Amino acid sequence: MFKVPFNKPFIAGRELYYVAQAVTFGNLAGDGAFTQKCCRLMEDRFQIPRILLTPSCTAALEMAAMLCEISPGDEVIMPSYTFVSTANAFVRLGATPVFVDIRPDTLNLDETLIERAVTGRTRAIVPVHYAGVPCEMDGILAVARRHGLRVIEDAAQAVNSYFSGKAMGSLGDLGTYSFHETKNFNCGEGGALCINDPQLVERAEIIRDKGTNRRQFFRGQVDKYTWVDVGSSYVPSEIASAFLFGQLEQMDAITERRWHLYDSYRSRLAFLEDEELLRLPQIPKECDSNFHLFYVLLPNVAIRDALMKHLRSQGILAVFHYVPLHTSPMGLKLGGGQGSLPVTENLSQRLLRLPLYNDLTDDEQDQIVTAISEFLHQYCQAFLPSKAA
């Protein structure tokens, strides 16, 4: 057990009361009152025509791939610096992920490199809003329009983030959210599919409910429901939805708390960036982040790994993030390889995520910053005298 864990689930408001209500209502299987409340709250707040809750963001991505009719031989452009589900959703349908490098400032998909990756087999672009900082969506959407491509936003980390005043998940044809316990707003395991193309709503409901038209039956549009399409079980438990509704009601308070913790990290670590011993995250002026995570970039992988080990010895759990997909065993089978995405490979080896959760205290942040400072000042030169880029 770490005295300062990396993440700690929390109760923000009436979550447990709503779970008890869900049990009392007697509809625990899904698509009950709390599932609908969550969807309506997010649709109204984020100006998204239709949102469907799912058991995970992985499930939402799989639904998105099916709705875009991805098939064997298709190509889908995405960053390599992302969670495996981003690629899996398309690979499972026979498509090939085409990995594009990331920007050095935000670690998001580099919009200036997308067009050269487009071929006659490209069907979609999947921007991933890393750390809750939006991708440069104007450029991405412009490329998609020129080439007739679908845009699927992987906004797993970006619920309640905005680009030029517009919510993440609202700009692509489709978007996906995560409510995993590590996310800003959580229900243990959960997700959502954002549907901005009205023509996709009816089929999305069918795919989500095992390929049946049961939702139409419940609305009285058909006299019985039956199997009409390929689908799966993508409906979450009503208990999860009840817990999530309690979190979503506190969205502003949770976001404000995370901003405070994020800003505190920046202020406390700024002197180390001034000394060029590390680099802090950057948020472009047109982006409003939800402050999902806080990371530092160290001069090289040796210092990153040594600092991570040092923090653990102090009872502080800090972690690295993704192993780039193009260098993974599966990525190699799909044609990836070391050296093809230099920015991704460089930054992924230098990045260290710091604890960030609602109940993190000022004293705990002091312990983290003090441990980082002492390590870098005492040991950094022993590894390499170069400075953080």
Side-chain angles (χ1 to χ4, degrees), residues 5-13 15 18-19 34-35 38-39 41-42 45-46 48 51-62 64 81-86 89 107-108 126-135 153-162 167-170 175-194 234 236-237 239-262 265 281 283 287-295 317-322 353-360:
F6 174 69
N7 180 68
K8 186 187 294 184
F10 62 95
I11 301 294
E15 292 94 327
Y18 291 147
V19 168
F34 285 105
T35 301
C38 288
C39 293
L41 185 156
M42 290 188 289
R45 184 181 179 103
F46 301 141
I48 294 172
I51 291 180
L52 299 174
L53 287 195
T54 60
S56 65
C57 187
T58 298
L61 284 163
E62 290 177 0
Y81 197 61
T82 184
F83 190 59
V84 63
S85 295
T86 310
L107 281 68
N108 281 332
V126 186
V128 178
H129 306 299
Y130 184 71
V133 177
C135 295
E153 293 180 72
D154 184 338
Q157 300 178 18
V159 182
N160 203 35
S161 293
Y162 298 81
M168 295 301 88
S170 74
T176 61
Y177 290 158
S178 173
F179 303 112
H180 184 266
E181 74 164 34
T182 58
K183 299 303 189 291
N184 296 28
F185 322 107
N186 84 92
C187 57
E189 292 277 1
L193 178 68
C194 307
Y234 291 134
S237 160
I239 289 180
S241 298
F243 192 96
L244 178 61
F245 185 64
Q247 296 252 313
L248 294 178
E249 278 190 325
Q250 299 297 318
M251 196 179 299
D252 289 334
I254 293 170
T255 301
E256 183 175 356
R257 174 62 181 157
R258 296 187 77 93
W259 170 81
H260 171 78
L261 294 168
Y262 183 99
Y265 266 137
I283 302 177
C287 299
D288 292 310
S289 176
N290 66 0
F291 311 103
H292 170 59
L293 62 85
F294 193 93
Y295 63 83
L317 182 56
V319 300
F320 61 82
H321 214 172
Y322 312 120
R353 297 175 64 189
L354 305 183
L356 181 63
Y357 49 86
N358 248 42
D359 298 332
L360 187 68

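FYI, side chains are in, hydrogens and waters are out, and symmetry mates aren't considered; it's all heavy atoms of this structure. Just so you know, these numbers come straight off a predicted model, no measurement behind them.
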Could you work out, with side chain to side chain donor-acceptor pair (under 3.5 Å) as the rule, every residue matching [X], not counting sequence neighbours?
X      : result
Tyr130 : His321
Ser241 : Thr35
Glu15  : Gln247

### Message
Using the rule given for side-chain contact (heavy atoms from CB on, under 4.5 Å), can you reason through Asn160 versus Phe46, listing the C-alpha separation, both sets of side-chain angles and the distance that settles it, and then say yes or no?
### Response
CA-CA 8 Å; Asn160 203 35; Phe46 301 141; 3.6 Å; yes
### Query
Given Asp154 and Phe83, is the side-chain contact (heavy atoms from CB on, under 4.5 Å) satisfied, shown in steps?
CA-CA 10 Å; Asp154 184 338; Phe83 190 59; 6.0 Å; no
Minimum heavy-atom separation for [X] to [Y], with atom names?
X      : Y      : result
Pro134 : Ser161 : CG-CB, 4.2 Å
Phe291 : Arg258 : O-NE, 3.1 Å
Lys8   : Pro5   : CE-CG, 4.0 Å

### Query
Of Thr82, Asn108, Leu107, which meets side chain to side chain contact (heavy atoms under 4.5 Å, CB included) against Val128?
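Of the listed options, the one satisfying the test is Thr82.
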### Option among Lys183, Met168, His180 that satisfies the side chain to side chain contact (heavy atoms under 4.5 Å, CB included) test with Gln157
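Exactly one pass, corresponding to Lys183.
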### Message
Using the rule given for side-chain contact (heavy atoms from CB on, under 4.5 Å), can you reason through Leu53 versus Leu244, listing the C-alpha separation, both sets of side-chain angles and the distance that settles it, and then say yes or no?
### Response
CA-CA 10 Å; Leu53 287 195; Leu244 178 61; 4.2 Å; yes
### Task
Using the side-chain contact (heavy atoms from CB on, under 4.5 Å) rule, take Leu193 and Tyr234 through it: C-alpha gap first, then chi angles, then the decisive distance, then the call.
CA-CA 10 Å; Leu193 178 68; Tyr234 291 134; over 6 Å; no
#### Entry: Donor-acceptor contact present, side-chain Asn184 to main-chain Ile254, <3.5 Å
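Judged by distance alone, no pair lies under 3.5 Å.
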